[in-house]
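So the structure is just underneath, and the comments pick up after that.
Residues: numbered from 1 along the sequence shown. Values below: every heavy atom of this structure, side chains too, minus hydrogens, waters and symmetry copies. Just so you know, ligand 1 is whichever comes first in the structure, and atom 1 is the first atom listed for that ligand.
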Amino acid sequence: MATTRRLSASALRPSRSRGSPLLAPVQYVKGVGPTRAEQLARLGIETVEDLLYHRPHRYEDRRRLATIGQLIPGQKTSTQGTVVAMSEKRYGTYQFQAAIADDSGVLQCTWFGQRYLRRLITRGTRLIVYGKVERFGSLVMTVEEFEILTGGEEDTLHTQRIVPVHPATEGLSPRVLRTIIHQALGSHAAEVPEILPADVVRRYGLPDRGAALRSMHFPSTLEEAEAARGRLAFDELFVLQLGVLIRRQRLAGIDKGYRYRAGDEVLREFIVRLPFPLTAAQERVIAEIVRDLRGSAPMNRLLQGDVGSGKTVVAAAALYLAVRGGHQGALMAPTEILAEQHLATFRQLLEPLGVRIALLSGGGRKREREGVRARVARGEIDIAVGTHALLEAGVTFPHLGLIVVDEQHKFGVMQRATLRRKGFHPDVLVMTATPIPRTLTMTVYGDLDLSVLDELPPGRGAIRTYVRGPEKRPEVYAWVRDMVEQGARAYVVCPLIEESEKLQVEAAVRLAERLQAEVFRGLAVGLLHGRLRPDEKDDVMRAFRAGEVTVLVATSVIEVGIDVPEATIMVVEDADRFGLAQLHQLRGRIGRGAERSYCVLLAGMGTEESRRRMEAMAASRDGFVIAQRDLELRGPGELLGTRQHGLPELRVANLVDDLPLLERSREEAARLLARDPALRDPDLAAVHAEVLARFGGRLDALSMS
Ligand code: ADP
Ligand code: MG
């Protein structure tokens with residue numbers, strides 16, 4: 001019964017292609033019954049394939065396990081021995097203890113909170129234990145992982161070799177997993193289809209896929225395990241690149257159904273009215289966009305440019321062309337404050353040219369909001385600037401031609417998709433200031449064309465960045481006061497409280513009150529946070545812009561986009577709580593005018609990592625350099641945002657460590673598609689199926705994203 005149920009459930013999963021024996025439910029593996037299947041499901045393992053790809057998180061060389069006498073206090077190691085005594089501690093946190101011994105000595109092992117152990121472990125039990133060894137009088141270990149050796153035939157899988165240790169779960173020990181995976185490899189590894197083209201396998205001298213899976217789990221050397229992992233990572237990245245490139249191909253094949261007639265003279269109308277000459281980079285990027293707009297396929301372009309590089313004016317140019325081409329445009333920003341600012345900028349730049357602009361945000365009166373919606377729906381508004389509110393079902397455009405998403409890393413794939421669906425194959429420009437290394441960009445945003453603003457407008461003052469311990473706070477604030485009295489404007493950024501917006505707001509309120517009452521008494525201190533009403537946000541931003549407020553205490557809501565060139569000072573409280581990319585964005589709020597700016601990072605620098613991060617901030621103003629450092633220090637998750645890029649999950653490959661593989665896989669994927677754009681070759685059936693399985697509907701239903 002259970003089997004059929006599971007089978008039909010997985011057969012219905014839309015993203016899986018049917019037919020491959022590897023996609024059979026994991027119960028097909030000998031030794032896996034309903035209970036095991038449930039436990040495996042907790043590890044995310046549902047199919048035979050999931051099981052084969054359940055990677056060991058480490059290997060243990062049990063060909064030469066350290067004897068107890070060889071253990072070195074302070075190190076994490078494995079050893080084995082026979083249980084000679086047990087005890088329990090029942091008060092407080094439950095502890096189970098067992099002393100194990102071999103010929104060379106005795107080790108006192110401790111487990112926390114696992115009452116069932118007293119039934120499992122008795123005198124004479126042979127154990128392999130893994131954990132940190134310490135010396136407290138006697139030799140002790142807090143056990144992280146352990147295995148019971150049975151002494152029988154089946155131990156050969158678990159001793160005298162390099163054994164894989166797989167991520168396990170309650171009731172499903174590494175030993176059991178190892179056994180099940182071994183079983184699955186025996187019966188299914190041979191069925192694993194090759195997914196790389198034969199010439200690629202040959203050129204790189206790769207092991208075949210089934211063999212690689214075997215070696216990943218049961219290698220005879222650690223080098224073999226790494227080679228196997230590399231091969232499997234390559235597979236995965238290859239499929240990833242194929243998916244991204246196919247998507248790109250298909251986008252390029254769409255006809256948006258009209259041609260732009262608005263030409264260079266229209267663009268010139270816009271440019272001559274600007275209060276500054278464009279930078280060379282802006283000119284280049286605008287030309288790239290114009291080319292896209294005039295093409296037959298919808299534009300899908302990523303504009304990457306460091307904070308302050310002047311992306312807004314590029315967006316305005318594109319939107320102006322769209323409007324003069326007879327279309328509506330929409331610009332979506334992640335915060336109301338930023339949407340308001342864009343509204344003001346566009347009014348200034350575009351209204352004199354006859355463009356009708358309106359704000360669509362979540363705040364304000366319902367009546368007004370509906371009025372704006374109605375005008376947008378009637379085509380009386382040319383450009384709608386807004387927040388997520390643009391995405392609501394009630395917002396419709398009769399002829400939406402261009403979508404701009406600002407600070408796109410703050411949005412998810414689905415949100416962009418929703419906006420896109422409000423037009424018919426609209427042109428899309430997404431902008432981001434979170435630069436990531438180029439190779440990563442080409443993958444994560446591989447279906448987009450890339451434009452880079454690699455130049456800041458001239459005449460920007462330098463930013464000096466200082467890192468100071470909390471004990472220097474009084475001095476720092478006294479200095480800020482001096483500077484403000486001499487005419488400067490300053491941001492004070494509150495400590496980050498990620499857990500709760502409410503707590504965050506309270507902290508901001510308290511900090512503002514304290515500063516106002518103490519060190520900034522007599523100065524005009526403003527407060528800005530996410531929970532203010534839109535008109536309150538407006539008021540305080542306007543006052544800060546006008547210089548009526550000279551110290552702006554703010555949460556990280558100011559992180560994105562805020563542009564007040566007169567502000568030259570920023571103090572960040574508890575700076576080490578912020579990510580590097582975020583700090584870079586925050587600091588990007590100053591240094592926007594000609595004056596020299598100062599950024600003070602107040603940080604306790606508790607850990608080595610936070611010290612390095614603060615140093616990286618002080619050392620560079622270049623977003624690319626900082627992003628690279630962030631990537632090294634924290635891994636890609638932080639940098640890319642979780643799941644927002646919408647790429648399939650990677651089981652083996654790692655976007656940071658496998659950068660060289662990423663590049664190679666992209667080359668190979670492009671080479672293959674040049675030869676066979678639709679992957680029609682029967683030899684490519686397996687890879688084709690894999691691409692479909694991993695990318696699912698996102699390849700066919702392009703309207704989805
Ligand atoms: P970001 O790329 O961070 O979004 P903005 O578009 O907010 O940058 O631009 C930052 C500031 O630079 C704004 O005050 C804008 O008016 C100004 N700016 C943009 N382009 C130029 C230019 N070519 N010359 C001088 N100032 C410019
Ligand atoms: Mg911006």
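Nearest heavy atoms, S556 versus F578: CB-CE2, 4.1 Å.
The atoms of ligand 1 that sit less than 4.0 Å from any heavy atom of T312 are 4 (O), 5 (P), 6 (O), 7 (O). The ligand atoms of ligand 1 that sit less than 4.0 angstrom from a heavy atom of V307 are 3 (O). Close approach to D306 involves these atoms of ligand 1, each under 4.0 Å from a residue heavy atom: 2 (O). Listed by number with element, the atoms of ligand 1 under 4.0 Å from a non-hydrogen atom of T279 are 23 (N). Annotation for ligand 1: atoms under 4.0 Å from non-hydrogen atoms of P277 are 22 (C), 23 (N), 24 (N).
In this structure, the protein non-hydrogen atom closest to atom 9 (O) of ligand 1 is G310 CA, 3.6 Å. Annotation: atom 21 (C) of ligand 1 to nearest protein heavy atom, F276 CE1, 3.3 Å. Nearest protein neighbour of atom 14 (O) of ligand 1, counting heavy atoms only, is D563 OD2, 2.5 Å. For atom 2 (O) of ligand 1, the nearest non-hydrogen atom of the protein is K311 NZ, 2.7 Å. The single protein non-hydrogen atom nearest to atom 20 (N) of ligand 1 is Q282 NE2, 2.9 Å, given as residue, atom name and distance.
Residue contact annotation: G308 has a non-hydrogen atom under 4.0 Å from ligand 1. Ligand 1 lies out of reach of G459, whose nearest heavy atom is not under 4.0 Å from it.
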Would you check, one step at a time, whether the test salt bridge (Lys or Arg N to Asp or Glu O under 4.0 Å) holds for R273 with E269?
CA-CA 7 Å; R273 293 191 43 87; E269 290 167 12; over 6 Å; no
Can R531 and Q504 be said to form a side chain to side chain contact (heavy atoms under 4.5 Å, CB included), step by step?
CA-CA 10 Å; R531 289 239 174 141; Q504 175 76 80; over 6 Å; no
Evaluate salt bridge (Lys or Arg N to Asp or Glu O under 4.0 Å) for D406 paired with K311, printing each intermediate quantity in order.
CA-CA 9 Å; D406 192 20; K311 294 183 288 297; 5.9 Å; no
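Residue-level proximity to ligand 1 for A433 is absent, since no heavy atom of it falls below 4.0 angstrom. For R592, every heavy-atom contact with ligand 1 shorter than 4.0 Å involves the side chain, none the backbone. Residue contacts with ligand 1, taken as heavy atom pairs separated by less than 4.0 Å, involve L278 solely via the backbone atoms N, CA, C and O. Under 4.0 Å from ligand 1, not a single heavy atom of T345 appears. The proximity of R460 to ligand 1, defined as any non-hydrogen pair under 4.0 Å, is limited to the side chain.
Note: Y466 and Y598 have parallel aromatic rings, judged against thresholds of 30 and 60 degrees for the angle between ring planes. Between H327 and Y260, the ring planes lie tilted relative to each other; the angle falls in the 30° to 60° range. Ring geometry for F346 against H342 counts as parallel: the plane angle stays under 30°, on a 0 to 90° scale with 60° as the upper cut.
Put simply, the side chain of M541 reaches to within 4.5 Å of the side chain of L552, judged on heavy atoms.
The side-chain hydrogen bond (donor to acceptor under 3.5 Å, both in side chains) with D447 is formed by just one residue from the set R247, R248, R250; it is R247.
Within 6.0 Å of the CD atom in E595, the count of heavy atoms belonging to other residues, nucleotides or ligands does not exceed 12. For CZ of R378, the number of neighbouring non-hydrogen atoms (other residues, nucleotides, ligands) closer than 6.0 Å is greater than 12.
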